[in-house]
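Some notes on the structure that comes next.
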Amino acid sequence: IRGGGRLNGTDPGVPGDVFVRTRDRRGLAGFTLIEFLFAVSITAITGLGVAGMFPAALRSVVTGGQTTKATVLAQAMADMIRADTFSNVYSYNGTVVTSTFTCTGTSTLCVNRTKWKNDLMAAEAQTTGQGLPSGKGTVSVVCVNPNGTNKTCSSTDDLRRVTVTVTWDRQGSRSVSLVTYVARNE
């Protein structure tokens with residue numbers, strides 16, 4: 001290389017200079033095809049992973065909502081029982097409320113059971129968000145000693161253990177149980 005060994009010389013008029021053209025990317029913006037394909041593939045793989053989580057997340061949200069609803073319904077029935085007179089509490093024992101449950105009369109027991117049935121069986125539970133799919137409610141009342149052990153019921157008992165259970169179908173049978181104690185205060 002003559003002319004002082006200059007590469008990419010700035011004086012093309014000097015004889016003997018050699019001009020070597022190099023690719024200088026400093027002034028160019030953008031990605032190469034390989035960089036672009038790599039970025040797209042990483043984005044696609046990540047997007048597929050995220051999209052795969054949506055059905056599981058939706059199932060969890062629906063199941064959580066139904067569990068909350070069942071808990072509220074069990075609590076509502078327990079509150080209705082506690083609001084009734086102590087002498088009526090044992091009358092709730094063996095209550096099973098399903099879609100075929102009927103009760104005629106105006107007693108507090110009948111009104112409470114019918115209200116609970118209507119709350120459990122609200123029309124089109126899946127589309128309206130009310131009620132529970134194939135909802136069922138049961139009540140068990142047991143006479144207990146003050147230490148919590150079961151005993152045979154008598155008219156002098158002062159304590160009852162009430163178990164309210166709500167069962168429904170959501171990809172298998174699910175249930176929520178609530179246990180409360182009712183003491184004589186009359």
Side-chain angles (χ1 to χ4, degrees), residues 7-8 20-84 89 92-103 109-142 144 148 150 160-182:
L7 297 178
N8 286 333
V20 178
R21 299 194 186 268
T22 59
R23 295 182 69 173
D24 186 8
R25 294 192 57 199
R26 278 180 268 158
L28 301 176
F31 297 103
T32 65
L33 182 60
I34 299 295
E35 291 171 330
F36 175 75
L37 291 175
F38 184 73
V40 167
S41 64
I42 295 295
T43 303
I45 291 169
T46 304
L48 288 173
V50 170
M53 291 187 287
F54 279 105
L58 180 61
R59 277 191 303 276
S60 294
V61 167
V62 169
T63 300
Q66 289 176 341
T67 302
T68 300
K69 193 178 307 176
T71 304
V72 168
L73 290 169
Q75 181 68 46
M77 187 59 178
D79 288 344
M80 286 187 273
I81 293 170
R82 280 195 302 264
D84 208 340
V89 169
Y92 288 92
N93 187 43
T95 296
V96 178
V97 175
T98 63
S99 60
T100 59
F101 174 81
T102 58
C103 186
L109 180 66
C110 189
V111 169
N112 285 348
R113 287 174 171 172
T114 302
K115 180 188 180 320
W116 200 37
K117 175 201 172 195
N118 293 337
D119 290 344
L120 280 168
M121 305 298 151
E124 300 180 24
Q126 292 295 83
T127 56
T128 64
Q130 300 173 340
L132 292 167
S134 302
K136 174 184 172 185
T138 59
V139 177
S140 170
V141 180
V142 178
V144 293
N150 294 355
R160 307 269 194 269
R161 180 176 54 233
V162 178
T163 304
V164 180
T165 303
V166 175
T167 307
W168 72 101
D169 287 331
R170 172 68 185 166
Q171 297 173 341
S173 183
R174 300 192 182 269
S175 67
V176 169
S177 291
L178 180 120
V179 178
T180 188
Y181 289 86
V182 179

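Quantities reported herein were computed from a predicted structural model and do not represent experimental measurements.
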Would you check, one step at a time, whether the test side chain to side chain contact (heavy atoms under 4.5 Å, CB included) holds for Thr67 with Trp168? CA-CA 9 Å; Thr67 302; Trp168 72 101; 3.8 Å; yes
Which heavy atom of Trp116 sits nearest a heavy atom of Val164, and at what distance? CZ2-CG1, 3.5 Å
Measure the CZ-CD distance between Arg82 and Gln75 for me, rounded to the nearest 0.5 Å. 5.5 Å
For Lys136, is the NZ atom crowded, meaning more than 12 foreign heavy atoms sit under 6.0 Å from it? no
Ser140 to Asn93 - nearest heavy-atom pair and separation: CA-OD1, 3.5 Å
Starting at CG of Leu120, measure out to NZ of Lys115 and round the result to the nearest 0.5 Å. 10.0 Å
For the side chain of Arg161 and the backbone of Gly148, is there at least one donor-acceptor N/O pair under 3.5 Å apart? yes
Quick one: OG1 on Thr95 to CD1 on Ile81, what's the gap to the nearest 0.5 Å? 7.0 Å
Using every non-hydrogen atom in the two residues, find where Arg113 and Tyr92 come nearest and quote the distance to one decimal. NH2-CA, 3.9 Å
Starting from the C-alpha separation in whole Å, work towards a yes-or-no answer on side chain to side chain contact (heavy atoms under 4.5 Å, CB included) for Met53 and Val50. CA-CA 5 Å; Met53 291 187 287; Val50 170; 4.1 Å; yes
Not counting sequence neighbours, which residues clear side-chain contact (heavy atoms from CB on, under 4.5 Å) with Ala76? List them please. none
Specify the closest pair of heavy atoms between Leu178 and Ala78, including all atoms of both residues, with the distance to one decimal. CD2-CB, 3.4 Å
To the nearest 0.5 Å, what is the distance between CE (Met77) and OG1 (Thr180)? 13.0 Å
Report yes or no: does Ser41 contribute a side-chain atom to a donor-acceptor pair with the main-chain N or O of Phe38 at less than 3.5 Å? yes
Go through the structure and list residues passing side-chain contact (heavy atoms from CB on, under 4.5 Å) with Ser99, not counting sequence neighbours. Met121
Contacts of Arg59 that satisfy salt bridge (charged side-chain N to carboxylate O under 4.0 Å, His left out) - sequence neighbours left out: none
Smallest heavy-atom separation, Leu109 atom then Asp84 atom, equals N-OD2, 4.4 Å
Nearest-0.5 Å distance that lies between atom CG in Leu48 and atom OG1 in Thr43: 11.0 Å
Please report the interatomic distance OG1(Thr167) to CZ(Arg174), rounded to the nearest 0.5 Å. 12.0 Å
